[in-house]
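Report on the following structure.
The figures that follow rest on heavy atoms only: side chains count, while hydrogens, waters and symmetry mates do not. Numbers here simply count residues along the sequence, with the first being 1. As the structure lists them, so they are numbered: ligands from 1, and atoms in each ligand from 1.
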Amino acid sequence: MIITLEPDAPTAQLLDAIGQMVRQHEGIELRTYEFVGTTQKVTEIHLIGNTRSVPTEPFEALPGVRHVVRVSVRYRLISRQPGVETAVGFTYNDVHFDESSVHLFAGLCAVDTREHAGEMMRALARNGLHTTRMGVYKPRTSPYDFQGLGTPCLPWLFELAGENGIKVMAIEVCDARHIEEVLTALEQAGAPTGVMLQIGARNAQNYELLKQAGQQRTLPVLFKRGMGLTIEESLNACEYIASEGNTNIVYCLRGVKSHLSEPHRNLVDFAHVPVIRSLTRLPVCIDPSHSVGRLSRAPDGLLDIFHAVGQGVICGASMVLVEFHPHPLAARCDAHQALSLDLLPRLMAYVERVRRAYEEVREIAAS
Ligand code: PEP
Ligand code: MN
């Protein structure tokens with residue numbers, strides 16, 4: 001059962017009153033959660049245990065209680081409560097992650113040289129972007145392929161980010177040690193930028209890693225749906241992060257593995273953007289690069305990657321993760337799907353137009 005308080009309700013007093021009422025029932029634990037967004041703060045009191053015989057009415061009658069719901073899903077912390085129209089979201093390093101805007105995280109699949117990372121970031125700065133992706137620890141299919149530059153590149157990567165006004169950089173972590181190393185390097189560099197920890201598709205059910213990402217509260221987490229996970233499985237996995245204390249999570253769709261995806265790398269699953277938005281309070285990201293996986297162009301002249309971006313943004317995605325490279329042919333990972341820098345302003349304009357279209361159709365639907 002979840003008891004949601006009014007924003008201005010006296011939390012401590014209500015917690016006291018609810019605690020007294022709950023003590024009449026055996027084996028029920030109370031936990032309080034606060035979700036702090038850009039424009040709103042939501043406090044929830046969760047009753048954990050068998051609450052079937054606990055009536056909701058006495059709680060509903062308390063002044064300051066907004067609503068009480070019996071939770072029917074297992075991913076209770078990330079789930080969207082019935083009747084909640086706008087998700088709370090969160091702010092990290094001055095960037096607001098919620099449903100009111102869309103952020104383009106354009107950057108390198110894998111950081112290969114300082115020069116390339118610099119070129120990429122300078123292009124972002126020229127175009128007024130403050131968010132990027134930079135792969136440092138690369139999980140590769142073959143152990144003989146380039147595995148990323150790893151921890152030694154973090155000091156200069158953070159320095160470059162600071163010089164170019166990057167506020168949030170998504171970095172994939174594959175092991176608890178990586179989280180520690182990113183946190184330490186960021187602190188030693190004086191935090192000139194921010195990092196969003198990316199949990200990749202291969203680690204979407206690495207529960208120990210998910211728990212570690214949830215135990216630290218400094219960095220938000222970008223959780224990618226596993227390659228062949230059902231929505232239910234992926235949301236339960238994502239709940240591992242939240243259940244450890246970190247609810248600053250973005251959920252990312254990146255295509256699912258299927259022989260039916262041909263000729264694309266994965267089957268684009270962006271029709272699930274509104275599904276994730278309905279089921280959870282999480283901002284939703286789309287990754288068209290790993291979904292489409294190639295630079296093919298449709299007869300209308302647009303790259304398939306652009307079309308996939310459009311499919312996600314028109315459904316209300318809040319974040320787009322796209323791979324670029326200043327010299328795509330030289331990329332040491334995923335060269336076949338890297339966009340060249342001249343496409344950056346075009347992609348930005350495209351995202352902006354599609355987002356505007358989404359806002360317009362949303363208004364029409366509401367009228
Ligand atoms: C990536 O974004 O670099 C990546 C490896 O993607 P995924 O985990 O979705 O395969
Ligand atoms: Mn990649």
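Taking 4.0 Å as the cut-off, Met227 does not count as a neighbour of ligand 1 on heavy-atom distance.
Interface atoms of ligand 1 facing Gly200, defined by a heavy-atom separation under 4.0 Å, are 8 (O). Close approach of ligand 1 to Arg254 is summarised as follows: ligand atoms under 4.0 Å from at least one heavy atom of the residue are 7 (P), 9 (O), 10 (O). Below 4.0 Å from some heavy atom of Glu172 lie the following atoms of ligand 1, by number and element: 1 (C), 3 (O), 4 (C), 5 (C).
A cation-pi arrangement is not found for Arg225 relative to Tyr251, the charged atom failing to lie both closer than 6.0 Å to the ring centre and inside a 45° cone about the ring normal. Relative to the ring axis of Phe105, Arg133 does not place its NZ or CZ within 45° and under 6.0 Å from the centre.
From the protein, the heavy atom lying nearest to atom 1 (C) of ligand 1 is His290 CE1, 3.3 Å. In terms of protein heavy-atom proximity, atom 6 (O) of ligand 1 is nearest to Lys224 NZ, 2.8 Å. Among all non-hydrogen protein atoms, the one lying nearest atom 8 (O) of ligand 1 is Ala201 N, 2.7 Å.
For Asp334, the N, O or S atom closest to the Mn ion (ligand 2) goes by the atom name OD2. For the Mn ion (ligand 2), the nearest N, O or S atom contributed by Glu323 is named OE2. Among heteroatoms of the N, O or S kind in His290, NE2 lies nearest the Mn ion (ligand 2).
More than 12 heavy atoms of other residues, nucleotides or ligands shown are found within 6.0 angstrom of CD on Glu6. The environment of CZ in Arg217 is sparse: at most 12 heavy-atom neighbours from other residues, nucleotides or ligands sit within 6.0 Å.
Counting heavy atoms under 4.0 Å from ligand 1, residue Lys138 touches it through the side chain alone.
With hydrogens and angles disregarded, a donor-acceptor distance shorter than 3.5 Å links the side chain of Glu233 to the backbone of Thr230. In this structure, the side chain of His130 engages the main chain of Gly165 through a donor-acceptor pair within 3.5 Å.
Arg277 and Glu99 are joined by a salt bridge, as a carboxylate oxygen and a charged side-chain nitrogen come within less than 4.0 angstrom of each other. A salt bridge is absent between Glu360 and Arg356: the closest approach of a Lys/Arg side-chain nitrogen to an acidic carboxylate oxygen does not fall below 4.0 angstrom.
Note: no N/O pair closer than 3.5 Å links Cys109 and ligand 1 by distance alone.
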